[in-house]
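Encoded as structure tokens, the structure appears first; notes follow it.
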Amino acid sequence: MRLYRRHDRPLRHGRASPPDRPVDSRLRDPNQMNDDIFARVRGLVLTALREIVPDLPEDAMAKVEVTPTRDPAHGDMATNAALVVAKPARQPPARIAAALVERLAALPGITSAEAAGPGFVNLRLDPDVLRAVLPVVLRRGIGFGDSRTGGGAPVNVEYVSANPTGPMHIGHCRGAVVGDALANLLAKAGFAVSKEYYINDAGAQVTALAWAAYWRYLQAIGTDLSEEEFSDEVPGGLQYRGEYLIPVGQTLAASFGGSLAAPGGRIAAPDVWIDTVRDATIEEMMLQVREDLRLLGVDQDVFSSERALVASGVVDDVIDRLAVDGLIYEGVLEPPKGKTPDDWEPREQTLFRATQFGDDVDRPLRKSDGSNTYFANDIAYHADKITRGFPTLIDVWGADHGGYVSRMKAAVKAVSGGAATLDVVLCQIVHIVRGGQPVRMSKRAGTYVTLRELIEEVGADAVRFTMLTRKSDAQMEFDLDAVLAQTRDNPVFYVQYAHARCRSVLRAATEMLGEAALAEAVLAEVALDSLAADAELALIRRLATWPRTVEAAALAREPHRIAFFLYDLAGDFHMLWNRGRDDSTLRFLQPDRPAETLARLALVAATAVVIRSGLAVMGVTPVEEMR
RNA sequence: GCGCCCUUAGCUCAGUUGGAUAGAGCAACAGCCUUCUAAGCUGUAGGUCGGUGGUUCGAAUCCACCAGGGCGCGCCA
């Protein structure tokens, strides 16, 4: 048996609280602009701590946490304060804990404090303090949980950034949703967020795209070439054979007639057509990409073009700057150990000293034909973002780019002199399944799932919610049938159902009490003393953790936590609802007891508000009723 | 061969950045619809947190090594 299991033997009890005692204004004042009662209690703990141990170092104070208890038997909140300051204070945790207990238990709003385990202090709050969360929620509405953690600091979130070479498919989907939700989350946490899309419209792939569109153009004007004859003339062969380029070819034919082709619908010299075709095709593809994103509810603020970046000379400027700093050299890389490519031969290249900034090897900036590598352009792009005023960059990438993270971080350090940081959120593969069976993704077999088809089949809300039900760096199965199932194990349904039930109760109450009595501002004023059942207080405690959930998720860059919070919140609400099944006095609407009914309606309305607040971060539309 | 990510209940996954007795859903087992809120509900059982060491008052969490899975590995983006 471990010694610290003796938390059932409190060292000291707080005195009982007289029912008419006013609650400490520091614990309930909504004008404090801090919706987080945990943060407010933490403030009380820190104040008490300073009295007990003067001159504690800031870094020790920073480690003090006030958290919800895992076990209700431990009270409402717990703090590790005594444990984390024991060493700098040169006092045993138990002694500090005892002193904290004495001071905290004396505060109004705290009904008991007791030391437990190795030095935790468990706090029990006056139920009025908990209940006071409800009017705060009702007055602040969806804005409940907004925080000032970010302090208005600019953050640039870049996501999707797919090549404009075809329709968006489900591989792009997860990054789109994760990036968008992360941006919303950071905005809610008080950052000034810019949502950005980097158009990879330079390089060999868009040249291949231009050739593919040119083929559709030749077809539109009536070429006598076969597809294979044409393909033989294309450097690298014809790619992007999907039908989606047919309209592009037709539009080109309508605009330019036969002027982009040689007589007989034959291939003209690339100089004649390639710029025109490429520009028109990219423009059309980006229109489609933006339409796909719009259908998914994603709307980025800035679209940056790689080609425009190169044309502006920024890339050369940035490389020059790195050269001046001595971070570029001509050198020869070692072959990868163990697995040397067959055609390996030592080659002198222009290299960036990534190893000076934590990367494993130095990275090439120029291809053998003298043009820049993608990495070189990407360095310039990130430098450009920094120049535009973003010291904090977040990129959302597919996991297949994982090997690219350390070099990009190194580059950001180098170009900013260490002033800017880059966080990369990697998204693992999504496997689409239907009823447990894998849906193969293959362009050739015609079972290629486009983003648009996915949205048409299950709806944007289900797509978005489901994409956020896993940590982004964990692989995910997306079951087309399961996301539409109306059962508890489908979080989309379970959360939406909770909101619909809240709204349903409020609609029924309207008939009983009239619409005016149910306005959120009015419910914010009702007496709440009757809310005392375990399930009611548990729900209130959950609502109270929303602000700290937002803050923690934002700092961790983990939007999936919002989905899990909502699932738990929905569980608490359904639990309460179900209590009314066995015991009708626990139902929300009690016609002969209007005061209790109003208090319960305030709880229901507040629950609906917080669900909406969470869904707003996820970009999911709350439903009013289940049909 | 090297680097990064991952490994938690039979299954799918959380785990509040190092806290107390590791949680939820599904599946399993036992109950619960004449009626009110059953597109279900209540309860039970289920664990060597991949393994071994280490740091710490305290480890699923941090470090080292090992095993298994995924991704990547000099001019593709």
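Order of the sequence lines sets the chain letters (A, B, ...), proteins ahead of strands, with each chain counted from 1.
- Stacking annotation: A:Y497 is not stacked on the base of B:A39 (requires ring centroids less than 5.5 angstrom apart and an interplanar angle below 30 degrees).
- For the C1' atom pair drawn from B:U44 and B:C62, the interatomic distance equals 37 Å after rounding to whole Å.
- Residues satisfying the side-chain hydrogen bond (donor to acceptor under 3.5 Å, both in side chains) criterion with A:T149, sequence neighbours excluded, are A:S147, A:E551.
- The aromatic rings of A:H169 and A:H172 lie tilted to each other, with the angle between the two planes from 30° to 60°.
- When base pairs are accepted only as Watson-Crick or G-U wobble with both N-N or N-O distances under 3.5 Å, RNA chain B takes part in stems of 3 or more pairs at B:1-7 with B:67-73, B:10-13 with B:23-26, B:28-32 with B:40-44, B:50-54 with B:62-66.
- With both ends at atom C1', the span from B:G25 to B:A45 equals 16 Å, rounded to whole Å.
- Contact annotation: A:R347 does not reach the phosphate of B:G74 (side-chain N/O to OP1 or OP2, under 4.0 Å).
- Within residues 556-572 of chain A, the residues having any heavy atom under 4.0 Å from RNA chain B are, by residue number, A:A556, A:H560, A:R561, A:F564, A:Y567.
- Comparing B:A27 with B:C63, their C1' atoms sit 38 Å apart, to the nearest whole Å.
- Each ring pair (Phe, Tyr, Trp, His ring centres under 6.0 Å) pair with one or both residues in residues 351-377 of chain A, not counting sequence neighbours, appears once here: A:F375-A:Y404.
- Residues forming a salt bridge (charged side-chain N to carboxylate O under 4.0 Å, His left out) with A:K385 (at least two apart in sequence, or on another chain): A:E158, A:D395.
- Distance noted for atom P between B:C13 and B:U56: 36 Å (whole Å).
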| task | Apply side chain to side chain donor-acceptor pair (under 3.5 Å) to A:T350 and A:E330, showing your working. | result | CA-CA 5 Å; A:T350 303; A:E330 300 295 323; 2.8 Å; yes
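- The aromatic rings of A:Y497 and A:H574 lie tilted to each other, with the angle between the two planes from 30° to 60°.
- Between the side chain of A:N122 and the base of B:A20, a donor-acceptor pair under 3.5 Å is found.
- The CZ-P distance, from A:R307 to B:A77, rounds to 14 Å in whole Å.
- A gap of 32 Å separates the C1' atoms of B:A67 and B:C57, to the nearest Å.
- Evaluated for a side chain to side chain contact (heavy atoms under 4.5 Å, CB included) with A:L351, the options A:I328, A:L365, A:V332, A:L333 yield exactly one hit, A:L333.
- Between the CZ atom of A:R174 and the C1' atom of B:G70 there is a distance of 13 Å, rounded to whole Å.
- Rounded to whole Å, the C1' atom of B:G19 lies 40 Å from the corresponding atom of B:U37.
- B:A20 has its base stacked against the ring of A:H74, the centroids being under 5.5 angstrom apart at an interplanar angle below 30°.
- Among residues two or more places apart in sequence or in another chain, the salt bridge (charged side-chain N to carboxylate O under 4.0 Å, His left out) test is passed with A:R542 by A:D568, A:D572.
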